[in-house]
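None of the values given here were measured: they were computed from a predicted structure. When a residue number appears, it is its place in the shown sequence, counting from 1.
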Amino acid sequence: MLMASSAIAAPLNAAQKTQLKANVDAYTPQMNEAALKIWDYAELGYLEAKSTVVLQDQLKAAGFEVKAGVADEPTAFVASFKQGKGPVIAILAEFDALPGLSQAAAPTKTPRPETDNGHGCGHNLFGAASVAGAVALKEWMIQNKVQGEVRVYGTPAEEGGSGKVYMVREGLFNDVDVTLHWHPGNENSARQGTSMANISGKFRFRGKSSHASGAPWAGRSALDGVEVLDTAANFMREHIPDGTRIHYVITNGGKAPNVVPDFAEVYYYVRNSDPKIVVSVMDRIKKAADGAAMATETTVEFEQTGGVYNLLPNDVLGKVMHDSLTSVGGITWTPEETEFAKTLAKSLNGGGGDLASVGKVQSYAPADTKGGVGGSTDVSDISWVTPTVGLSTATFVPGSAGHSWQNVAAAGSSIGLKGAAVAAKTLSITGAELFMNPKLIADAKAELNARRGDGFQYKAMVGDRKPPLDYRKPGGAE
């Protein structure tokens, strides 16, 4: 007879935690294989065709039912294991790489000639460990006859493609009780915080080509339009709310200096911890783009490629995850791994951080809701529709910067794999704790409702557009 989760109100005991950790240990060879394959593939957002298959195949082999290509995203999937009626616990899995971060699994800068991409955010570890944690949790449910459902959401294009947003918009999280995630990092911590909302998009200017020396008066430079826009945006920085970030890169500025470019493109991000400010600042940049087009006698169009909320932290779940992480403990490096880290640390500002910190679990503190600076994540949209909690583990060498070649090197090494194992164990123990204690889920939902306010209705910041499957198209080619 299956054990009804609603009938249980006792903390997970030590024997069950040991059982879950053993389940992860048993699965670690498959986790490592998946992580290193995905690291090697280094596929960009919405292009993760081989990476998603690795994770889907492992889940199918473990007894999960997999639905692929959800939310109009070819590389997205939802995998489910269900045993009776009970809570639905979701675990997120990312697997996209970043452009321009090619690097071997070496402690000195060594680009790989076969690719320009690299896992500078460690998403190869993210996806593989989430699958390992889900499989361990599923085995525990069978072993203990626990009712409920564990789902793995394969979420592509986190790096600027807002992949999860389209899954939320599609209603794929509507029946989820709690969502768990993790992220590679420099320390082992379950402190909860917020993130910056953002809108990203591409301004495409069109003009008239001409010989840049023989008849420049006959041309209208699309690149001039981009540069006037960039100048206007840079002057705007003084007159926008504190904490706002504007950054851009020119993805197409023409092909040759002696040809007036008739097409140019610039890719913009606007961030702030308040989504309303993000919308208002991007609206001002759009006006600046219209002015730039008028000033240069070109035309401009804007394609929004992404848009995410700020992350809502959850202290109820954060404390559960902290206790789970503490029961797993920190990381012990071998002498070879320590030497790897010491060599890599020489390339870091100030020689890096305290290498011994990877063996510790950081203390917990109440959730930080200020979020004045930092990055953005499409996990945020999920956090507005279901209680959501995450952690980081020491997969990188302390002191490493985000989105760096140093992170790529560590993510492809045993240093990264050890951090991933800690994450998998923590996810599985946290999920089991929630299955055993429905009151925690109810309290987490009450906290979510309090944070988002009465009458909240989710509306995606990307509007009704389809996923931008070509947002990584090189050079802004038409």
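With sequence neighbours excluded, no residue satisfies salt bridge (Lys or Arg N to Asp or Glu O under 4.0 Å) with Asp116. Applying the side-chain hydrogen bond (donor to acceptor under 3.5 Å, both in side chains) criterion to Thr395, with sequence neighbours excluded, gives no partner residue. Contacts of His247 classified as ring-ring contact (aromatic ring centres under 6.0 Å, His included), with partners at least two apart in sequence or in another chain: Tyr269. By the salt bridge (Lys or Arg N to Asp or Glu O under 4.0 Å) test, Arg191 pairs with no residue at all, sequence neighbours left out. Among residues two or more places apart in sequence or in another chain, the side-chain hydrogen bond (donor to acceptor under 3.5 Å, both in side chains) test is passed with Asn198 by Ser376. Not counting sequence neighbours, Glu139 has no partner by the salt bridge (Lys or Arg N to Asp or Glu O under 4.0 Å) test. Remark: Glu94 pairs with Lys164 by the salt bridge (Lys or Arg N to Asp or Glu O under 4.0 Å) rule, at least two apart or across chains.
Applying the salt bridge (Lys or Arg N to Asp or Glu O under 4.0 Å) test to every pair with at least one member in residues 65-79, sequence neighbours left out, gives these pairs: Asp72-Lys466. Here salt bridge (Lys or Arg N to Asp or Glu O under 4.0 Å) pairs that include residues 397-417, with residues two or more places apart or in two chains, number zero. Each ring-ring contact (aromatic ring centres under 6.0 Å, His included) pair with one or both residues in residues 12-61, not counting sequence neighbours, appears once here: Tyr46-Tyr471. For the salt bridge (Lys or Arg N to Asp or Glu O under 4.0 Å) condition, the pairs that include at least one residue of residues 101-113, sequence neighbours left out, are Asp40-Arg112, Arg112-Glu114.
No donor-acceptor pair under 3.5 Å is formed between the side chain of Gln83 and the backbone N or O of Glu149. A donor-acceptor pair under 3.5 Å links the side-chain atoms of Thr110 to the main chain of Thr108, judged by distance alone. Side-chain atoms of Asn272 do not come within 3.5 Å of backbone N or O of Val278 as any donor-acceptor pair. In this structure a side-chain-to-backbone donor-acceptor pair under 3.5 Å is present from Asn188 to Ala394.
With salt bridges taken as basic N to acidic carboxylate O contacts below 4.0 Å, none links Arg472 and Glu159. Ion pairing between Glu265 and Arg204 holds under the 4.0 Å rule for side-chain N and carboxylate O.
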Listed pairs under 3.5 Å, donor-acceptor, residues 352-367 side chains, sequence neighbours left out:
from, atom 1, to, atom 2, distance (Å)
Asp354, OD1, Ala356, N, 3.1
Ser357, OG, Asp354, O, 2.7
Tyr364, OH, Asp315, OD1, 2.6

Q.
One pair to check against side-chain contact (heavy atoms from CB on, under 4.5 Å): Phe396 and Gln406. What are the steps and the verdict?
A. CA-CA 8 Å; Phe396 306 136; Gln406 291 93 340; over 6 Å; no
Q: Could you check Tyr166 against Asp381 for side-chain hydrogen bond (donor to acceptor under 3.5 Å, both in side chains), going step by step and ending with a plain yes or no?
A: CA-CA 10 Å; Tyr166 301 96; Asp381 285 55; over 6 Å; no
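Side chains of Ser347 and Trp405 form a contact here, defined as non-hydrogen atoms less than 4.5 Å apart. Counting heavy atoms from C-beta on, the side chains of Val70 and Met167 come closer than 4.5 Å.
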